[in-house]
Every structure is written in structure tokens, then in C-alpha cells.
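Report on the following structure.
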Number of protein chains: 2
Amino acid sequence: MSNASSAIERFSRYPLGESQSVHCPVRDVLDRIGDKWSMLMIMALAMRPHRFSELHRAVHDISKRMLTQTLRDLERDGLITRHVFPTKPPSVEYRLAPLGQSLLDPMAGLIDWADRCHGDIHAARARFDGTPVDVPRQAFTARSKVPPVRKKMA
Amino acid sequence: MSNASSAIERFSRYPLGESQSVHCPVRDVLDRIGDKWSMLMIMALAMRPHRFSELHRAVHDISKRMLTQTLRDLERDGLITRHVFPTKPPSVEYRLAPLGQSLLDPMAGLIDWADRCHGDIHAARARFDGTPVDVPRQAFTARSKVPPVRKKMA
DNA sequence: TGGGGTAGGTCTACTATAGAGACCGCCTCC
DNA sequence: GGAGGCGGTCTCTATAGTAGACCTACCCCA
């Protein structure tokens with residue numbers, strides 16, 4: 001709580017509306033680790049180094065293209081490192097860099113929260129979906145077809 | 001560190017490759033708050049309740065469509081609440097729900113990390129971009145045009 | 001009495017991004 | 001000698017996000 005309230009203060013220092021994420025560390029880091037795969041990669045590499053195909057097997061529903069791209073981006077940002085071994089055929093190993101290591105701690109907090117609260121979230125979601133919006137969302141009723149609820153992938 | 005290593009253990013319990021994010025709290029929460037806007041909304045609402053247009057002004061580069069959608073999703077998951085006041089014209093206020101409040105603490109950790117490390121990240125990025133890949137990325141050189149580096153928006 | 005502003009959204013059209021799946025050269029194993 | 005694994009890249013298509021006009025209803029001010 002104390003931590004949170006201190007963070008709230010800090011939030012107020014950042015211009016949320018800033019267009020360039022380069023000026024807002026929050027948006028910067030979220031753009032990096034907030035995508036669908038980065039954090040999973042980091043989690044996998046936190047356990048031990050992985051080779052390309054190992055990662056592909058560990059997170060089997062990522063495409064090779066996205067795997068390549070995600071790893072490249074993480075490497076670019078110094079969160080992981082890439083080691084090529086001159087075997088035949090060459091093997092490539094990815095490891096967590098110190099910067100990536102330092103991310104584990106804050107990530108752990110988030111994981112904990114997710115673990116604790118995903119039950120509540122699902123409950124809330126079910127409740128929301130169960131209540132078929134009798135009150136019109138739009139205060140000044142237009143024709144309003146069906147609200148296009150964003151579908152989260154399977 | 002202790003926190004992180006405990007998290008690593010926890011990671012190993014989750015099937016990262018699971019297709020249905022519903023089975024993996026980590027993916028579930030990341031899909032929720034990992035998108036471009038959700039966390040910014042939560043940050044804004046952490047400071048004080050906001051009305052729709054206030055949020056739009058606070059995060060001026062979000063489109064109204066995405067604002068609506070993001071708020072709806074957050075409401076659906078019980079992270080924020082929506083209060084309609086029967087004024088003329090009606091005004092709508094968004095507030096952080098208890099569940100959203102509980103997210104502030106883990107988020108704060110992430111914000112701190114971002115704050116501390118975004119300098120390192122930028123440095124690493126500059127270093128990476130400055131080294132124009134003399135070693136071919138692909139071990140078994142195909143024709144390999146130019147690697148399509150993902151472009152993060154402005 | 002009518003023009004502009006504010007409110008909370010929705011709609012369509014466009015564009016950027018992610019996903020799928022084939023392909024690559026080279027090597028090993030059966 | 002064919003299959004399969006290695007670490008990727010390629011193109012194509014589906015999906016998600018963006019921009020911005022539009023909507024109804026009210027108020028204020030002239």
C-alpha cells in the first residue's frame with residue numbers, strides 16, 4: 001500500500017498523454033514487456049538458458065516469426081543475450097542478461113497478483129457478461145447496433 | 001531477489017505453452033494490462049476518478065474508440081467501475097475498483113523498474129542499433145534481405 | 001431562434017501488426 | 001537416401017488498432 005501510494009505520486013510526474021513513449025518510461029517499458037510474448041520469454045529464460053527451438057517448444061503457440069522478432073527486440077534492449085556456438089549445425093542459446101534479471105523482481109509482484117486475483121477477474125467477467133447491459137451504454141441513445149466487444153484470443 | 005527466485009519457481013508451474021490463456025494467470029493478466037492503454041488508464045484513475053473526456057484529455061493520443069473499449073474491458077474485469085450521474089447531459093465517472101487498487105502495488109514495482117532502467121535500455125538499444133549486424137543473424141545464410149526490425153510507434 | 005460548445009459514445013474506412021506456414025542450406029541418424 | 005532437426009526468413013492473409021466524422025440532447029449567449 002505504501003509502495004502503491006508512492007507510485008501514484010510518481011505517476012503524476014509522468015505526462016501520460018505524451019506522444020513519444022521515449023519520454024515516458026512507463027510507456028516505454030510497457031511497450032517492451034507488455035506484448036504478448038516478451039514476458040513469457042523472460043519467464044522461460046529465467047529458469048535456465050534456452051535454445052531457439054527449446055523456446056519454440058516451451059511456448060508452442062508462438063510462430064517462429066514472432067519468436068525471432070521477440071527475441072531480437074529483447075536482445076536489442078539488453079534484456080537477454082544471444083550466444084552462437086560454432087557447432088555443426090550452429091546452435092544458438094539465449095540467456096537472461098543482468099538487466100533482464102533485474103526485471104524478475106518487479107515481474108514477480110505482477111505474477112503474484114495475477115495468481116491471487118485471476119479468480120476475481122473471471123468472476124467479474126462472468127458477472128459482466130451475464131448482465132446483458134439493460135442500461136444503454138450510450139447516454140444519448142443513437143441507433144447503436146451491437147457493441148463490438150473486443151474478443152480476447154482463445 | 002528472494003522474491004524473484006520464488007517467482008521463478010512459480011513460473012515453472014505454469015504451462016507457458018498453454019493455448020488457452022484462461023489456464024495461465026500470467027498470460028491472462030498480461031493480456032489485460034499489457035495492452036497499450038489499460039495501464040495508463042489505471043494510473044490515471046489511481047490518482048483520482050476521471051470522467052470520460054478527462055481521460056481523453058489526460059491521454060490525448062488515444063482514440064475515443066480505444067478509450068471506450070479499454071474502459072469497457074477494464075470494467076468487465078472488475079478493475080474499474082462506471083458511475084452514471086443523471087445530470088443533463090449525463091456525465092459518467094470512472095473509478096478504480098478494489099481489484100484495480102490491489103493492482104497498484106505490483107504495478108508500482110514495475111514503474112520503479114522502468115524508471116531505474118530505461119536509461120540502460122536506451123543505451124543497449126543504441127549500442128545494438130549502432131552495431132550493424134556484421135555477424136549474419138541466420139546461421140545458415142539464406143538470401144536474407146534486411147531483417148525487418150519491428151518499429152515501435154512514435 | 002439558432003449557433004457553438006459539451007457530453008459520452010458509435011460508425012466506417014484505412015493501416016499497421018500478428019499469425020500461418022512454406023522454404024532454406026547443412027548436418028545427422030536410421 | 002529420405003526424414004528430421006537446426007535457426008531462421010519469406011510471403012500472404014486475418015485481425016487489431018487508428019483517425020476522424022457523426023449522433024442525440026442539453027446549455028449558454030446573442
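Chain letters run A, B, ... following the sequence lines, proteins first, then strands; residues in each count from 1. As a basis for the values below, the full set of heavy atoms in this structure was taken, side chains included, without hydrogen atoms, waters or symmetry mates.
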Rounding to an integer number of Å, can you tell me how far [X] [atom1] sits from [N] [atom2]?
X	N	atom1	atom2	value
Asp35(B)	dT17(C)	CG	P	16 Å
Lys36(B)	dT18(D)	NZ	C1'	9 Å
Lys64(B)	dT10(C)	NZ	P	11 Å
Asp61(A)	dG21(C)	CG	P	13 Å
Arg57(A)	dG5(D)	CZ	P	8 Å
Met66(B)	dG20(D)	CE	C1'	15 Å
Leu71(A)	dG7(D)	CG	P	11 Å

What do the steps show when you test Leu45(B) against Arg95(B) for side chain to side chain contact (heavy atoms under 4.5 Å, CB included), and what is the final call? CA-CA 6 Å; Leu45(B) 295 179; Arg95(B) 296 179 193 170; over 6 Å; no

Would you indicate what [X] reaches in the nucleic acid, counting non-hydrogen atoms under 4.0 angstrom: base, sugar-phosphate, or nothing?
X	answer
Ser91(A)	sugar-phosphate
Thr68(B)	base
Phe85(A)	nothing

Rounded to the nearest 0.5 Å, how far apart are CG of Leu40(B) and CD1 of Ile62(B)? 8.0 Å

With Ser53(A) as reference, evaluate His50(A), Arg51(A), Arg57(A) under the side chain to side chain contact (heavy atoms under 4.5 Å, CB included) test and give the passing residue. Arg57(A)

